[in-house]
Amino acid sequence: MPELPEVEVLRRSLERPLVGDRFDAVQVHFPTLREPLCGPALRRLQGRTIRRLRRRAKYLLVDTGGEHLPRRDLADATDPIRVAGRAGPDVVGKDRGAAASGGLTLVLHLGMSGRLTLVERTAPLVDHEHLGFELASGRRLRFCDPRRFGVAFVASTESLDRDRHFRHLGVEPLSASFDGAVLADLARGRTAPVKTFLMNASVVVGVGNIYASEALYRARIHPRRSVARIAHRRFDVLAEAVREVLGDAIEQGGTTLNDFADGEGNSGYFQVSLDVYGREGEACPAGCGSRIRRIVISNRSTYYCPRCQR
DNA sequence: CGTAGACCCTGCGCGC
DNA sequence: TGCGCGCAGGGTCTAC
């Protein structure tokens, strides 16, 4: 379901409702995800206050501290910087309750079919509801994942970068340090098709199957072209295309093909702006007269215009 | 080391 | 209606 834009949209939708709330109880209903859920570790969140929501690659990070802050103190604290300013330069480290153990972060990955929604605490369990986080405010953060490719675990905030899920990850495409030079540099010595390269999380994170096709269309690069045969200047164009397509998708609430929704159940509408993904046989939107083609690269459907993309 | 392919799992839409 | 098939937004592991 989610690539970077969808996770970012989810993060933004949940930030205001969640920051300042507190985990009361963690219910593990079905521990069978890609990595089995660890009940005792997840229950360490109980009693902790949600300080901040972050995103790294396609992971949603819920930072918590042990000390309870009254909700009114956080009433307008939607900007994480200001939250940090109020609590001190190192929010988590200042927590009395966290001083011994360090801050704890709930790490969530939605895999292909994961959904995270905020419901009333008493809302009935639904199919595939693996996890329920009951909150002091009387609500419940519900995690459902029919295909079970998702991940949920708790780790110390301070050591997240060294965690095996994160340590190999490449550059964030919306950060200032992402550009064509980075791509060109990482492409040296490689021969993979550029689409495979773009979807490699140790190169650049967050670009999944939809946005890889879309970015390559915008950059007019053929998805099968080997990265060994891409001119330096075209990497600049590609980096810009990646940045733009992800940014546009975030602005439009993400892509809802089947069932993506933000934390409050709102669908995205970037699907109507997709140029090539899922449009096999349709006319190229650039008006070149050609039709969009579907091919398979590394077992994933790939869409492109055979005339515009070289 | 880089690359290609299999695999994990359930649900949906399609053609018959 | 029912059934089998192919396909689906992710990541990891293995063999070469």
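Residue numbers begin at 1 in each chain, while the letters A, B, ... track the order of the sequences. All heavy atoms count here, side chains included; hydrogens, waters and symmetry mates do not.
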J.: Strictly distance-based, threshold 3.5 Å: is any side-chain N or O of Gln27(A) a donor or acceptor partner for the main-chain N or O of Phe133(A)?
T.: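 No, because the side chain of Gln27(A) does not come within donor-acceptor range (under 3.5 Å) of the backbone of Phe133(A).
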J.: For dT10(B), does OP1 or OP2 lie under 4.0 Å from any side-chain N or O of His128(A)?
T.: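 Answer is no, no contact under 4.0 Å.
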J.: Taking Asp24(A) as the fixed residue, which of Arg139(A), Arg140(A), Arg121(A), Arg43(A) is the one that meets the salt bridge (charged side-chain N to carboxylate O under 4.0 Å, His left out) rule?
T.: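 The residue from Arg139(A), Arg140(A), Arg121(A), Arg43(A) that satisfies salt bridge (charged side-chain N to carboxylate O under 4.0 Å, His left out) with Asp24(A) turns out to be Arg121(A).
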J.: Side chain of His109(A) only, please: which of dG10(C), dG9(C), dT3(B) is the nearest?
T.: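 Closest nucleotide to the His109(A) side chain: dG10(C).
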J.: Between Arg148(A) and Leu33(A), is there a donor-acceptor pair closer than 3.5 Å when you use the side chain of the first and the backbone of the second?
T.: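 Not a single qualifying donor-acceptor pair exists.
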J.: Using atom NZ of Lys195(A) as one end and atom P of dT3(B) as the other, report the distance to the nearest whole Å.
T.: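 Answer to the nearest Å: 15 Å.
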J.: Would Arg48(A) and Thr64(A) count as having a side-chain donor-acceptor pair, cut-off 3.5 Å?
T.: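 Indeed, the side chains of Arg48(A) and Thr64(A) share at least one donor-acceptor pair under 3.5 Å.
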J.: Out of the candidates Asn258(A), Asp259(A), Asp145(A), only one should pair with Ser113(A) under the side chain to side chain donor-acceptor pair (under 3.5 Å) rule; please name it.
T.: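 Considering Asn258(A), Asp259(A), Asp145(A), a side chain to side chain donor-acceptor pair (under 3.5 Å) with Ser113(A) is found only for Asp145(A).
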J.: Could you provide the dot-bracket string of DNA chain C, using ( ) for intrastrand pairs, [ ] for crossing pairs and | for bases paired to another strand, with Watson-Crick or G-U pairs below 3.5 Å?
T.: .|||||||.|||||||
J.: Would you mind reading off the distance between Arg294(A) atom CZ and dG6(C) atom P, rounded to a whole angstrom?
T.: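 It is 12 Å, rounded to the nearest whole Å.
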J.: Out of dA8(C), dG9(C), dA4(B), which has the shortest distance to the side chain of Arg300(A)?
T.: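 Within the option list, the nearest is dG9(C).
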J.: dG11(C), OP1 or OP2 - any side-chain N/O from His168(A) closer than 4.0 Å?
T.: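 Looking at the OP1 and OP2 atoms of dG11(C), neither is under 4.0 Å from any side-chain N or O of His168(A).
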J.: So which heavy atom on Arg115(A) is nearest to which on Ala261(A), and how close?
T.: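 In terms of heavy atoms, the two residues are closest at NH2-CB, 3.3 Å.
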J.: Enumerate the protein-to-nucleotides 6-9 of chain B contacts in which both atoms are nitrogen or oxygen and the separation is below 3.5 Å.
T.:
| residue | atom | partner | partner atom | Å |
| --- | --- | --- | --- | --- |
| dC9(B) | O2 | Arg147(A) | NE | 2.9 |

J.: Taking Thr157(A)'s backbone N and O only, do any of them form a donor-acceptor pair with Asp63(A)'s side chain (distance below 3.5 Å, no angle check)?
T.: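 Not a single qualifying donor-acceptor pair exists.
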J.: Please give, in whole Å, the distance from dC13(C) P to Asn200(A) CG?
T.: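 Computing the Asn200(A):CG to dC13(C):P distance gives 14 Å.
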J.: Under a 4.0 Å heavy-atom cut-off, which of residues 220-232 of chain A touch DNA chain C?
T.: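 Per residue number, the list is empty: none.
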J.: It should be established whether Ser301(A) places a side-chain nitrogen or oxygen under 4.0 Å from OP1 or OP2 of nucleotide dA8(C).
T.: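 Yes, because at least one side-chain N or O of Ser301(A) sits under 4.0 Å from OP1 or OP2 of dA8(C).
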J.: What integer number of Å spans the P atoms of dG6(C) and dA6(B)?
T.: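 Result for the P pair: 14 Å, nearest Å.
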J.: Short question: side chain of Ser298(A), backbone of Arg300(A) - any donor-acceptor pair under 3.5 Å?
T.: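 Judged by distance alone, no pair lies under 3.5 Å.
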J.: N/O contacts under 3.5 Å, protein versus nucleotides 14-16 of chain C?
T.:
none

J.: By the rule that ILVMFWY residues connect when side-chain heavy atoms come within less than 4.5 angstrom, directly or transitively, which residues belong alongside Ile295(A)?
T.: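 Its cluster mates, by chain and number, are Ile297(A), Tyr304(A).
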J.: Looking for any heavy atom pair under 4.0 Å, which part of the strands does Pro5(A) touch: base, sugar-phosphate only, or nothing?
T.: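 Touches nothing.
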J.: Under 4.0 Å between a side-chain N/O of Lys58(A) and OP1 or OP2 of dG11(C), yes or no?
T.: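 Looking at the OP1 and OP2 atoms of dG11(C), one of them is under 4.0 Å from a side-chain N or O of Lys58(A).
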J.: Distance check: side-chain N/O of Thr191(A) vs OP1/OP2 of dT3(B), anything under 4.0 Å?
T.: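 Yes, Thr191(A) has a side-chain N/O under 4.0 Å of OP1/OP2 on dT3(B).
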J.: Students often get this wrong, so: under 4.0 angstrom with heavy atoms, is Tyr277(A) touching a base, only sugar-phosphate, or nothing?
T.: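 Sugar-phosphate, no base atom in range.
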J.: Do Glu6(A) and Tyr211(A) have side-chain N/O donor and acceptor atoms under 3.5 Å apart?
T.: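 Side chains of Glu6(A) and Tyr211(A): pair found under 3.5 Å.
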J.: Got a donor-acceptor contact below 3.5 angstrom from the Ser156(A) side chain to the Ser159(A) backbone?
T.: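 Checking the backbone N and O of Ser159(A) against the side chain of Ser156(A), a donor-acceptor pair under 3.5 Å is found.
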J.: Output the rest of the hydrophobic cluster of Leu169(A): all Ile, Leu, Val, Met, Phe, Trp and Tyr residues reachable through side-chain heavy-atom contacts under 4.5 Å, sorted by chain and number.
T.: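 Its cluster partners, ordered by chain and number, are Tyr59(A), Leu61(A), Val107(A), Val151(A), Phe153(A), Leu160(A), Phe166(A), Val205(A).
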